[in-house]
Amino acid sequence: MANFWGAAVQQFSTRPKVVKSRPVDRLSHIFTMAATVKQHVQLALSLPPRLRTFLARYPPASILPAGADPETHKTPYQEESPNPFMPTKHPITGKWHNPKYSLRRQAELVKLAQEHGVEELLPFTRKLNEEKLRKRVELGLRVKGTGVGEKVKGHKHERTLVAKMEKRREAMLAMPDLIREWKKVGKRNWTKFPK
């Protein structure tokens with residue numbers, strides 16, 4: 001169609017034709033956008049059904065259409081509970097309701113998401129790798145003394161080892177003088193026996 005109009009205008013035009021540098025063809029831009037959308041669709045279809053269903057019910061704000069407000073684009077599931085991994089407080093009765101997904105099911109979803117590289121699309125949960133790592137650094141191995149700024153008590157011989165070795169090192173450095181003094185005084189007059 002574009003070639004037809006270009007030929008028609010050229011026939012009736014009396015001015016010399018000026019060749020302008022055209023901006024990027026809009027159709028090719030649309031085709032590349034369609035290709036990326038197609039890739040995203042293929043990626044979504046490659047996910048296991050369980051993960052696909054979860055992301056359809058609780059879509060993250062990052063995959064909403066451009067310019068969409070996350071507050072207005074909520075699914076009925078999100079209106080009921082924004083984060084299905086966290087307990088919610090009933091607005092009228094004030095009672096706490098359990099999360100929609102148990103910790104076991106949360107862990108299974110996180111593992112599935114890790115296998116398919118979409119872990120960052122899940123809402124916050126204690127089972128995410130980042131959260132587990134942060135907690136491990138903060139609390140240590142749950143053994144006294146392995147956390148940040150903590151020290152293991154240890155056995156008495158372990159606690160006194162450094163001071164004992166330092167004292168032994170100083171004694172070894174002073175040994176030549178001690179031997180010289182022993183040879184001068186002799187065994188009978190020696191008074192510096194260890195206690």
Side-chain angles (χ1 to χ4, degrees), residues 24-163:
V24 177
D25 188 12
R26 288 188 179 165
L27 288 177
S28 66
H29 180 66
I30 291 171
F31 287 134
T32 56
M33 279 180 47
T36 57
V37 169
K38 193 173 184 179
Q39 289 172 347
H40 290 302
V41 169
Q42 290 291 41
L43 174 67
L45 291 176
S46 70
L47 295 175
R50 192 169 176 191
L51 196 56
R52 220 178 327 157
T53 303
F54 177 82
L55 290 175
R57 288 179 177 177
Y58 301 97
S62 60
I63 64 171
L64 289 177
D69 183 27
E71 293 300 317
T72 58
H73 278 76
K74 283 189 173 181
T75 63
Y77 293 97
Q78 285 177 317
E79 289 172 3
E80 190 178 327
S81 67
N83 186 348
F85 296 154
M86 302 297 281
T88 53
K89 191 173 187 179
H90 194 278
I92 297 169
T93 62
K95 291 187 178 182
W96 284 93
H97 294 278
N98 291 333
K100 299 293 178 197
Y101 288 82
S102 67
L103 289 174
R104 179 185 59 83
R105 289 171 65 203
Q106 289 177 31
E108 289 172 355
L109 274 172
V110 168
K111 286 176 190 171
L112 274 175
Q114 284 172 346
E115 288 173 12
H116 293 86
V118 292
E119 186 182 5
E120 64 277 353
L121 297 179
L122 296 178
F124 175 80
T125 175
R126 297 182 344 204
K127 300 296 181 178
L128 289 174
N129 268 357
E130 307 159 348
E131 182 62 19
K132 284 183 177 180
L133 187 62
R134 184 194 64 77
K135 204 163 190 175
R136 174 59 60 93
V137 168
E138 181 184 323
L139 300 175
L141 298 173
R142 296 288 178 117
V143 175
K144 187 175 179 183
T146 58
V148 177
E150 292 182 357
K151 192 175 173 185
V152 178
K153 181 179 178 183
H155 297 283
K156 173 92 178 203
H157 69 274
E158 293 170 337
R159 294 195 306 263
T160 58
L161 183 66
V162 175

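Predicted model only: the values in this text are computed from it and were never measured.
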Exercise. Rounded to the nearest 0.5 Å, how far apart are CE of M86 and CZ of R126?
Worked result: 8.5 Å

Exercise. Between the main-chain N or O of D69 and the side-chain N or O of T72, is there a donor-acceptor pair closer than 3.5 Å?
Worked result: yes

Exercise. Is Y58 close to Y77 at the side-chain level, that is, under 4.5 Å between some pair of heavy atoms?
Worked result: yes

Problem set entry | From K100 atom NZ to N98 atom CG, the distance as rounded to the nearest 0.5 Å | 9.5 Å

Exercise. F54 vs Y101 aromatic rings, parallel, tilted or perpendicular, using cut-offs 30° and 60°?
Worked result: perpendicular

For this session: Mind telling me whether H157 and H155 have parallel, tilted or perpendicular rings, with 30° and 60° as the class edges?
Result: parallel

For this session: With the side chain counted from C-beta on, respond yes when R52 and L45 share a heavy-atom pair under 4.5 Å apart, and no when they do not.
Result: yes

Problem set entry | Enclosure of E158 CD (heavy-atom neighbours >12, cutoff 6.0 Å) | yes

Exercise. Just by distance, do the side chain of R57 and the backbone of T75 share a donor-acceptor pair under 3.5 Å?
Worked result: no

Exercise. Can any side-chain N or O of E119 pair as donor or acceptor with the backbone N or O of N129 at less than 3.5 Å?
Worked result: yes

Problem set entry | Point-to-point distance, once rounded to the nearest 0.5 Å, from CG of L161 to NZ of K156 | 13.0 Å

For this session: Side-chain contact test, heavy atoms from C-beta onward, threshold under 4.5 Å: evaluate it for L122 versus P60 and give yes or no.
Result: no

Exercise. If you measure from NE2 on H97 to OG on S81, what distance do you get to the nearest 0.5 Å?
Worked result: 10.5 Å

Problem set entry | Q78 (side chain) donor-acceptor with P59 (main chain) under 3.5 angstrom | yes

For this session: Mark yes when over 12 heavy atoms from residues, nucleotides or ligands other than R136 sit less than 6.0 Å from its CZ; otherwise mark no.
Result: no

Exercise. Is any side-chain heavy atom of Q106 less than 4.5 Å from a side-chain heavy atom of P99?
Worked result: yes

Seminar exercise, completed: CG (L128) and CG (L133) are apart, to the nearest 0.5 Å, by 12.0 Å

Exercise. In terms of side-chain geometry, is the basic nitrogen of E131 or K135 positioned less than 4.0 Å from the acidic oxygen of its partner?
Worked result: no

Exercise. Could you state the interatomic distance from OG (S46) to CG (L51), rounded to the nearest 0.5 Å?
Worked result: 9.5 Å

Problem set entry | Candidate pair K127 and K111, rule side-chain contact (heavy atoms from CB on, under 4.5 Å), full reasoning | CA-CA 9 Å; K127 300 296 181 178; K111 286 176 190 171; over 6 Å; no

Problem set entry | Trace of the side-chain contact (heavy atoms from CB on, under 4.5 Å) decision for Q114 with V110 | CA-CA 6 Å; Q114 284 172 346; V110 168; 3.9 Å; yes

